[in-house]
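Remember, it's 1-based here, ligands and their atoms both numbered in the order they're listed.
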Amino acid sequence: MSPKLSVVPLPYSADDVTSLLGADWPERLRAAYRWMRLGRALDARMQALQRQGRVGFYGAATGQEAVNVATGLATRSEDWIFPGLREQLVALVRGHPLVAYAHHLFADDRDPGRGRNMPCHPTAREVQYVSMSSVIGTQISQAVGLAYGLRQRQAPGVSLAFFGDGATSSNDFHAGLNFAAVWHLPVLFCCANNQWAISVPTSRQTGARTFATKAAEYGMPGWSVDGTDVVAVWAALRGSLARAAEGRGPEMLEFITYRMTPHSSSDDPSRYQPPDWAARAASHDPVARLESWLSVNGVLDGAAVEAIGRESEAEVRAAVEAAEGTVAPAPASLTEDVYAPDRSGSPG
Ligand SMILES: Cc1ncc(C[n+]2csc(CCOP(=O)(O)OP(=O)(O)O)c2C)c(N)n1
């Protein structure tokens with residue numbers, strides 16, 4: 001048996017997928033698979049570059065690609081993304097150029113954040129992907145504030161807050177869910193539960209049966225979704241997005257995934273993960289699960305899989321080549337667009 005067939009199979013027939021995603025599911029899922037491979041290639045390359053001292057820091061999303069790609073494909077341009085550390089692929093699927101993200105990782109003159117944030121904390125204003133904050137949980141209350149603004153202005157769009165299992169222990173999680181439920185806001189709380197908050201396992205994070213059950217006591221629906229199944233994530237998000245956009249209030253989605261890499265480039269999980277973790281995680285590898293299902297259902301063959309892998313690596317290589325070596329932002333640029341010009345006429 002090939003190692004790819006040892007993954008947990010996606011539990012669908014082609015007819016099920018037609019009813020979930022429509023008759024054009026082969027094109028949609030082929031596109032999703034391509035994006036997932038691009039994310040995988042990006043993670044591998046950036047982790048290598050960090051080890052070579054060429055980028056300063058990186059947080060991989062390996063194992064979480066189904067969540068990110070389905071989010072990028074299910075959301076509309078009027079929606080807003082408030083990311084945690086691992087949602088960079090959402091920005092790319094929504095249309096942020098890969099080379100702009102590469103400039104960000106090199107913190108250079110063409111970084112959309114102008115080199116001011118830590119690498120792997122991107123901003124992608126044109127796709128409504130808000131600058132990532134390192135302080136765990138911050139983005140949850142920011143996303144709720146934006147949703148309140150949308151409601152007050154009667155503007156379209158849903159605000160999506162992404163955070164990990166660890167962030168459910170932050171004050172912002174409580175404040176955010178409470179405020180959103182009281183005010184019935186168009187916001188989705190998307191918990192990417194990768195089962196670890198650096199070295200803290202979920203058993204030490206909560207006494208609740210699941211993270212999703214917490215939503216009920218705040219007064220909103222909560223869903224536990226297989227976050228390594230791109231079809232399940234897509235279908236769940238589509239329903240929650242439609243309800244939030246219709247004014248039916250906030251929801252929480254817990255996407256259960258497996259962190260397949262260290263927490264970040266500054267971590268050594270061999271010091272705390274059980275020895276069988278890597279094998280358990282590999283059997284839920286979202287890329288391998290989709291690849292296996294698409295192969296069984298006649299959408300991909302070995303040659304296509306190989307070609308997509310080669311193309312993904314080439315795309316990443318080209319972005320790195322274009323970005324690396326770009327000059328650093330000029331020191332004088334540090335205060336540009338920080339202060340508004342003084343129009344008061346006061347001597348200051
Ligand atoms: C308020 C705060 N406390 C601690 C940290 C250090 N820290 C960085 S990432 C992290 C764990 C986050 O885990 P989780 O929310 O599960 O997200 P994951 O990184 O697994 O995606 C911690 C404790 C921080 N950045 N902010």
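Residue-level contacts of ligand 1 at the 4.0 Å heavy-atom threshold are Arg86, Ser134, Val135, Ile136, Gly164, Asp165, Gly166, Ala167, Asn194, Trp196, Ala197, Ile198, His263.
Applying the ring-ring contact (aromatic ring centres under 6.0 Å, His included) test to pairs two or more places apart or on separate chains, those with a residue in residues 195-218 are His174-Tyr218, Trp196-Tyr272, Trp196-Trp277.
Between the side chain of Asn117 and the backbone N or O of Met132 there is at least one donor-acceptor pair closer than 3.5 Å. Side-chain atoms of Arg110 never come within 3.5 Å of backbone atoms of His103 as a donor-acceptor pair (strictly under, hydrogens ignored). Judged purely by atom type and a 3.5 angstrom limit, His104 uses its side chain to pair as donor or acceptor with the backbone of His121.
Here Lys214 does not pair with Glu254 in a salt bridge; the nearest charged N to carboxylate O distance is not below 4.0 Å. A salt bridge does not link Asp43 with Arg86: every distance from a Lys NZ or Arg NE/NH1/NH2 to an Asp or Glu carboxylate oxygen is 4.0 Å or more.
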